[in-house]
2 protein chains.
Amino acid sequence: MESKKITIKDIAKVANVSHPTVSMALNNRPGVGEKKRQEIVHIAKQLGYQPNLVAKALVSNRSYTLGLIINNISDQFYTDLAKGVEKAADESGYNIILCTTNDSLNSQKKYLDILQSRGVDGIIISTVSARDPHINFLVKEQFPFVCINRVSLDRSLDNKIDYVILDNYSAGYKGIEHLWKLGHDRIAVITGSLDASNAIASLKGTKDFLLDLQIKMDPKLLREGNYSRKTAYNAAKQLVKLKKPPTAIFAQDDNMALGVREALLDLDLRIPEDIALIGIDNIEMGTLTGIDLTTISQEKYEMGYLGAKILIKTIEKKVPAMVEKIVLAANLIVRKSCGYSQCGYKR
Amino acid sequence: MESKKITIKDIAKVANVSHPTVSMALNNRPGVGEKKRQEIVHIAKQLGYQPNLVAKALVSNRSYTLGLIINNISDQFYTDLAKGVEKAADESGYNIILCTTNDSLNSQKKYLDILQSRGVDGIIISTVSARDPHINFLVKEQFPFVCINRVSLDRSLDNKIDYVILDNYSAGYKGIEHLWKLGHDRIAVITGSLDASNAIASLKGTKDFLLDLQIKMDPKLLREGNYSRKTAYNAAKQLVKLKKPPTAIFAQDDNMALGVREALLDLDLRIPEDIALIGIDNIEMGTLTGIDLTTISQEKYEMGYLGAKILIKTIEKKVPAMVEKIVLAANLIVRKSCGYSQCGYKR
DNA sequence: CTGAAAGCGCTTACAG
DNA sequence: CTGAAAGCGCTTACAG
């Protein structure tokens with residue numbers, strides 16, 4: 001298929017040395033004179049030599065390749081995160097094998113196996129479930145990997161896995177706090193998939209706020225979503241039909257908030273006049289004029305970037321293998337969907 | 001680092017056969033009895049054998065890996081396309097190495113080299129420039145690759161490169177046609193980067209429409225953009241300040257249309273009452289209620305999917321090496337940003 | 001400072 | 001139907 005590629009043996013022949021000498025010269029290892037090295041480098045360039053990274057990977061057990069597992073490449077949340085991973089990888093000379101699971105644990109398991117078979121040096125996984133059965137073996141094998149976005153809640157794994165997550169707890173807390181201060185008493189909450197640690201944490205933050213103020217929440221106002229726009233859309237339509245409908249909705253992710261938004265607008269309800277709306281994540285769509293979604297900002301890019309950095313550090317063992325746990329800040333971003341600028345806080 | 005992996009030699013030892021026999025058994029090749037094969041397969045499973053795909057790739061010169069080169073992973077246009085690629089790759093058992101160039105030709109060249117070094121079986125490239133200097137060598141080496149989204153306009157490459165593109169010409173034609181029929185005479189056009197074939201084609205479609213009707217375009221109303229929201233934002237602000245400002249703006253990509261939209265809204269201009277706005281691509285953001293961007297729909301997902309399919313077919317040579325050229329349809333999607341529902345066509 | 005040997009994990013071709 | 005040999009392109013020891 002391809003015209004035959006130049007190998008170090010071809011270079012060796014021209015340079016009149018053995019091929020291991022070529023290897024050492026090209027890799028700047030000691031054991032070959034400076035003059036000869038330059039000559040070899042020159043010949044390599046002239047012949048248009050490109051190292052065969054597959055062979056290199058086989059012999060060195062280092063591929064300079066990282067696996068990245070995300071849920072959905074159409075979801076801005078995951079692409080922001082992927083962008084950070086890409087950046088960190090690029091800075092250190094790694095390439096990314098991208099795997100998307102589309103919410104399937106089976107698919108995740110499949111990719112975990114494939115990535116190992118492909119000899120990646122490490123894996124960045126953003127999709128683990130709270131009781132994920134598939135990462136134990138990575139821990140046992142001491143295969144380098146880092147969890148971002150979601151972590152396992154399995155106690156036996158405590159202190160064994162590097163992670164970088166967002167402060168979902170604070171996000172859940174701050175979101176409901178904002179709505180409550182604006183005077184809302186009937187606040188509906190649409191959570192993420194409750195088998196994911198981030199959704200669990202957000203909900204806990206929300207509940208703790210209510211607990212702190214000794215407020216009881218109407219269970220009818222609590223809905224489990226799955227971070228998809230569609231389910232949030234449907235949930236919102238149901239919430240509005242309640243005998244005592246909510247005056248505010250806290251969708252615990254901007255994608256869901258946008259789904260809620262569509263539902264409310266379809267029903268000719270005004271945001272925030274009829275129903276206030278807040279999300280979490282601060283994705284780009286929410287920033288558009290006319291959307292103006294109030295939300296809790298999360299450092300998605302940084303999460304990907306730091307996750308990859310930590311993984312690379314682990315792989316390159318520049319540092320004693322200390323487990324790193326990082327939680328990135330969550331901050332309220334006030335736009336127009338809650339009505340703060342019109343009314344201000346009432347309590 | 002990892003606990004030692006099981007290899008075919010380990011299996012061979014247990015099964016009391018030679019390791020090539022194990023290889024043949026596991027790969028369902030003739031030359032090993034059915035009973036023995038099943039025994040070997042069983043042992044492999046028990047030992048938790050995972051083939052080393054790196055070694056396999058080295059010896060077979062087939063990695064079941066594809067390189068995908070896109071501009072920007074934060075851009076919905078490219079992620080839609082990547083989603084199609086992913087799907088096709090997954091269906092045929094390939095994985096994707098993702099490379100993002102961020103509009104840099106140097107970066108593109110770098111990734112082209114790296115991908116070959118990494119032994120990918122083929123490359124899907126969505127970022128070639130009209131006079132791209134870096135793909136000739138792929139053609140010369142007969143390295144399998146397919147252009148999507150953009151093609152080279154170099155005549156010497158005609159009929160040598162598979163491609164799947166969108167019908168940008170029609171998009172450019174239909175966009176201005178819609179505005180013209182609505183009664184607009186001063187229509188501004190913000191093009192994509194004019195070193196890219198898709199931008200060139202869109203602009204040609206637009207110009208041809210005007211030519212067909214023998215309409216002269218005020219050159220002040222033509223702006224070169226670069227598919228980024230920011231430049232379009234700035235261009236729009238300038239256009240509006242013109243002595244004779246346009247009554248409609250045709251941004252030849254939805255990202256730019258959204259930039260224009262922000263600019264107009266910042267200036268308290270209404271869309272479409274004060275200025276009509278149309279884009280190209282039909283990205284998701286334009287579909288949100290309140291954005292309601294009229295646009296020309298492009299089959300981005302299909303483009304990625306078909307591109308990858310064609311590439312895989314080429315790689316697997318299931319078909320005589322006929323060059324495939326596919327142009328996907330462009331259709332007008334009427335929403336609210338041009339005012340059609342209020343006024344209808346005037347001519 | 002240099003060369004020849006061995007090996008990474010696999011597959012292909014060639015004897016028995 | 002099975003085994004032993006050779007080799008993919010590279011690197012890492014180990015002699016001289």
Side-chain angles (χ1 to χ4, degrees), chain A residues 1-41 43-44 47-65 113-114 116-121, chain B residues 1-41 43-44 47-65 113-114 116-121:
Chain A
M1 178 153 310
E2 305 154 53
S3 56
K4 50 204 163 262
K5 279 279 175 189
I6 304 296
T7 72
I8 54 172
K9 286 185 185 168
D10 299 316
I11 299 171
K13 220 168 282 172
V14 177
N16 249 316
V17 295
S18 70
H19 72 269
T21 301
V22 174
S23 168
M24 316 200 88
L26 262 25
N27 290 306
N28 279 314
R29 292 214 187 289
V32 41
E34 193 46 35
K35 225 180 0 188
K36 198 137 242 175
R37 156 169 293 137
Q38 290 188 357
E39 191 192 327
I40 290 172
V41 168
I43 293 171
L47 295 178
Y49 171 70
Q50 298 278 53
N52 182 324
L53 265 25
V54 175
K56 245 177 158 150
L58 179 60
V59 64
S60 66
N61 215 21
R62 291 278 277 106
S63 64
Y64 285 90
T65 285
D113 286 344
I114 287 180
Q116 282 198 297
S117 280
R118 288 210 177 281
V120 299
D121 297 330
Chain B
M1 179 154 307
E2 305 153 53
S3 54
K4 49 205 162 264
K5 279 278 173 189
I6 305 295
T7 72
I8 54 172
K9 286 186 186 167
D10 300 317
I11 299 171
K13 219 168 282 172
V14 178
N16 250 315
V17 295
S18 71
H19 72 270
T21 301
V22 174
S23 169
M24 315 199 90
L26 261 26
N27 290 306
N28 279 313
R29 292 213 188 289
V32 40
E34 193 46 34
K35 222 177 9 184
K36 198 138 242 177
R37 157 169 293 134
Q38 289 187 358
E39 190 192 327
I40 291 172
V41 168
I43 293 171
L47 295 178
Y49 172 70
Q50 298 278 52
N52 181 323
L53 265 26
V54 175
K56 247 178 156 144
L58 180 60
V59 65
S60 65
N61 215 23
R62 291 279 277 106
S63 64
Y64 284 90
T65 284
D113 287 344
I114 288 179
Q116 282 198 297
S117 279
R118 289 210 176 281
V120 298
D121 297 329

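Here is the naming used below: chain letters follow the sequence lines, and residue numbers restart at 1 for every chain.
Close to C:dG9, at under 4.0 Å from its OP1 or OP2, lies no side-chain N or O of B:Tyr49. For D:dG3, the OP1/OP2 oxygens have a side-chain nitrogen or oxygen of B:Thr21 closer than 4.0 Å. Phosphate proximity of C:dT12 to B:Arg29: present, with a side-chain N or O under 4.0 Å from OP1 or OP2. Note on B:Lys56: a side-chain N or O is less than 4.0 Å away from OP1 or OP2 of C:dT11.
Going from atom NZ of A:Lys36 over to atom C1' of C:dT2 covers 8 Å, rounded to whole Å. When the P atom of C:dT11 is taken as reference, atom NZ of B:Lys9 falls 12 Å away, rounded to whole Å. In this structure, NZ of A:Lys5 is placed 11 Å from P of D:dC10, rounded to the nearest angstrom. The interatomic distance linking A:Arg62 (CZ) with D:dT12 (P) rounds to 12 Å, in whole Å. Regarding A:Asn27, its CG atom lies at a distance of 16 Å from the P atom of C:dT2, rounded to whole Å. Atom CG of A:Asp10 and atom P of D:dC8 are 11 Å apart (whole Å). Look at CD on A:Gln38: it is 14 Å from P on C:dC1, rounded to the nearest Å. B:Ile8 has its CD1 atom 10 Å from the P atom of C:dG9, to the nearest Å.
Listed candidates were C:dA5, C:dT11, D:dG3. Nearest to the side chain of A:Pro20 is C:dA5. Side-chain proximity of B:Asn52 to C:dC10, D:dT12, D:dG9: nearest is C:dC10. Proximity note for B:Leu58 (side chain, C-beta onward) versus D:dC10, D:dC8, C:dC10: the nearest is D:dC8. The side chain of B:His19 has C:dC10 as its nearest neighbour among D:dT11, D:dC10, C:dC10. With D:dC10, D:dG3, D:dA5 as the candidates, the nucleotide lying closest to the side chain of B:Ser18 is D:dG3. The nucleotide whose nearest atom lies closest to any side-chain atom of A:Val59 is, among C:dA4, D:dC10, C:dT11, D:dC10.
Residue A:Ser60 is out of contact with every strand shown, counting any heavy-atom pair closer than 4.0 Å. Residue B:Pro30 is out of contact with every strand shown, counting any heavy-atom pair closer than 4.0 Å. Among the heavy atoms of the strands, none lies under 4.0 Å from A:Val54.
A distance of 10.0 Å separates CG in B:Leu53 from OH in B:Tyr64, rounded to the nearest 0.5 Å. Residue A:Ser63 holds its OG atom at 6.5 Å from CZ of B:Arg118, rounded to the nearest 0.5 Å.
Proximity of a side-chain donor or acceptor of A:Asn27 to a complementary backbone N or O of A:Met24 within less than 3.5 Å is not detected.
Of all non-hydrogen atoms in B:Gln50 and A:Ser117, the two that sit nearest each other are CB-OG, 3.7 Å. Annotation for B:Leu58 and A:Val54: closest pair N-CG1, 3.7 Å, computed over non-hydrogen atoms.
Take the nearest nucleotide of DNA chain D for B:Ala55 and for B:Met24: the residue whose nucleotide is more 5' is B:Met24.
Pair assignment for D:dA15: C:dT2, on the basis of Watson-Crick or G-U wobble contacts that are both within less than 3.5 Å.
The pair A:Glu34-A:Arg37 meets the salt-bridge criterion, since a charged nitrogen lies less than 4.0 angstrom from a carboxylate oxygen.
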